[in-house]
Protein chains: 2
Amino acid sequence: MVETVVPQADTDVLDLGAVLRALADEHRRAVMIELAADRSDGERTCHSFNLPVSKQTRTYHFRTLRDAGLICETNYGNKKGVRLRRAEIDRRFPGLLDLLAAEFSQVNPAS
Amino acid sequence: MVETVVPQADTDVLDLGAVLRALADEHRRAVMIELAADRSDGERTCHSFNLPVSKQTRTYHFRTLRDAGLICETNYGNKKGVRLRRAEIDRRFPGLLDLLAAEFSQVNPAS
DNA sequence: CAACAGGTACGTCCAATGTCGTACCTCAGT
DNA sequence: ACTGAGGTACGACATTGGACGTACCTGTTG
């Protein structure tokens, strides 16, 4: 089986509107905060985020994040990898990920 | 007639969710981008932003911005002043206003 | 005072959004 | 080959959000 990188956002340039709409949702924001706070930028399973929603809804939210250009997904067939597009985001919106990462410490004081 | 400062956000601390939801809307974002780009932080009339909506809708949007803690409004009876809460925002979300200001140059290349 | 402009309150309306059920797919493990 | 877990597609549904009509208020200006 060949893993395939899911096609990224149609727009090669990140759109602030799409990004902010993506971040406006609590669950998607939680995902982005975790990703932003992890400086190792390792690949995560999208199952590894403990989102309190059904898997259909999870698919929907990750699709939204991908469409906004915030993450890139790798399809392994029966599971999916998620990586933060840190370089692209930092280039277009410097400071945005720092803001989110700061929010992580805000919510997780003991880490 | 005494001008009265409209009571600010109920929550004394800015909430990232509320802020991002406020910024997710195109019109409110346009207002915030203008305010963030004007380093003089002068008071504006909320009529001075050329929002292509009715005045009822305008009231709604400025109320949303105020509730999110992003602006503070002064009531002059028959018109209303708007000021950016730059200090509070910078303290809680450093870099956010820079991001918005950068978007201003993006949209207004000739200024 | 009368007319007018800016603003608010309340209700209504429509489109967008988040949620899930059902059905189906893909791979890993037994 | 079967089963189970993760994932997607499509459709349905309820809620939310942005928009406006109508009515009303407050100052300014003539």
Side-chain angles (χ1 to χ4, degrees), chain A residues 1-10 15-34 42-68 70-83, chain B residues 1-10 15-33 43-68 70-83:
Chain A
M1 180 49 183
V2 183
E3 65 264 27
T4 59
V5 172
V6 180
Q8 301 312 316
D10 313 7
D15 172 56
L16 183 57
V19 167
L20 290 177
R21 273 190 301 274
L23 293 175
D25 179 82
E26 192 181 6
H27 300 132
R28 293 192 294 262
R29 191 167 62 248
V31 168
M32 288 300 295
I33 286 175
E34 276 196 52
E43 186 174 88
R44 295 271 306 257
T45 356
C46 62
H47 182 241
S48 69
F49 303 87
N50 270 30
L51 297 183
V53 294
S54 67
K55 56 182 185 176
Q56 308 94 294
T57 304
R58 213 186 317 147
T59 298
Y60 163 70
H61 283 310
F62 279 99
R63 161 191 270 279
T64 304
L65 287 175
R66 173 169 55 79
D67 287 349
L70 292 172
I71 62 171
C72 91
E73 299 178 303
T74 309
N75 185 6
Y76 296 109
N78 67 339
K79 67 180 58 175
K80 209 171 55 176
V82 178
R83 277 192 314 102
Chain B
M1 180 50 184
V2 183
E3 64 265 30
T4 59
V5 172
V6 181
Q8 301 312 315
D10 312 8
D15 172 57
L16 183 57
V19 167
L20 290 176
R21 274 191 299 276
L23 292 176
D25 179 82
E26 192 181 6
H27 300 130
R28 293 191 295 261
R29 192 166 61 250
V31 168
M32 287 301 295
I33 286 175
E43 185 174 270
R44 297 270 305 258
T45 356
C46 61
H47 182 242
S48 70
F49 303 88
N50 270 28
L51 297 183
V53 294
S54 66
K55 57 181 184 176
Q56 309 94 296
T57 305
R58 212 186 318 147
T59 298
Y60 162 70
H61 283 309
F62 279 100
R63 159 191 272 278
T64 304
L65 287 174
R66 174 168 55 79
D67 286 349
L70 292 172
I71 61 172
C72 90
E73 300 178 302
T74 308
N75 186 4
Y76 296 109
N78 67 340
K79 66 180 59 177
K80 207 169 56 176
V82 178
R83 277 192 314 103

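Letters A, B, ... are given to chains in the order of the sequence lines, protein chains preceding strands, and every chain is numbered from 1.
Remark: B:Phe49 CZ to B:Met32 CE distance equals 9.5 Å, nearest 0.5 Å. Within the model, atoms NZ of A:Lys80 and OG1 of A:Thr59 stand 5.5 Å from one another, a figure rounded to the nearest 0.5 Å.
Straight-line distance from the NE2 atom of B:His27 to the P atom of C:dA16: 14 Å, rounded to whole Å. Counting to the nearest Å, the P atom of D:dG17 and the CZ atom of B:Arg21 are 7 Å from each other. Per the geometry, CZ belonging to B:Arg29 stands 11 Å off P belonging to D:dG18, to the nearest Å. For the pair A:Tyr60 OH and D:dC13 C1', the interatomic distance rounds to 14 Å; values are reported in whole Å. B:Leu20 has its CG atom 19 Å from the P atom of D:dT16, to the nearest Å. B:Asn78 has its CG atom 11 Å from the C1' atom of D:dT29, to the nearest Å. Rounded to whole angstrom, the span from the CZ atom of B:Arg66 across to the C1' atom of C:dT8 amounts to 11 Å. Here C:dT8 presents its P atom at 14 Å from OH of B:Tyr76, a figure rounded to the nearest Å.
Regarding contacts with the backbone of D:dA19, every side-chain N or O of B:Thr57 stays at 4.0 angstrom or more from both OP1 and OP2. Side-chain N/O atoms of A:Arg63 include one lying less than 4.0 angstrom from OP1 or OP2 on D:dA9. Contact annotation: A:Lys79 side-chain N/O to C:dA28 OP1/OP2 distance is not under 4.0 Å. Taking only side-chain nitrogens and oxygens, A:Arg58 never comes nearer than 4.0 Å to OP1 or OP2 of D:dG6. Listed pair A:His61 / C:dT19 meets the phosphate criterion, a side-chain N or O lying under 4.0 Å from OP1 or OP2. Side-chain N/O atoms of B:Lys80 include none lying less than 4.0 angstrom from OP1 or OP2 on D:dT26.
Remark: the B:Lys55 side chain and the C:dG7 base include a donor-acceptor N/O pair separated by less than 3.5 Å. B:Gln56 contributes a side-chain N or O that forms a donor-acceptor pair with the base of D:dG21 under 3.5 Å.
Contact between A:Ala18 and A:Ala68 at its shortest, heavy atoms only, is O-CB, 3.9 Å.
Place B:Thr59 and A:Val53 on DNA chain C by their nearest nucleotides, and B:Thr59 ends up nearer the 5' end. Take the nearest nucleotide of DNA chain D for B:Arg28 and for A:His47: the residue whose nucleotide is more 5' is A:His47.
In A:Glu43, the CD atom is crowded: over 12 heavy atoms of neighbouring residues, nucleotides or ligands sit closer than 6.0 Å. Crowding of B:Arg44 atom CZ: a count of heavy atoms from other residues, nucleotides or ligands under 6.0 Å exceeding 12.
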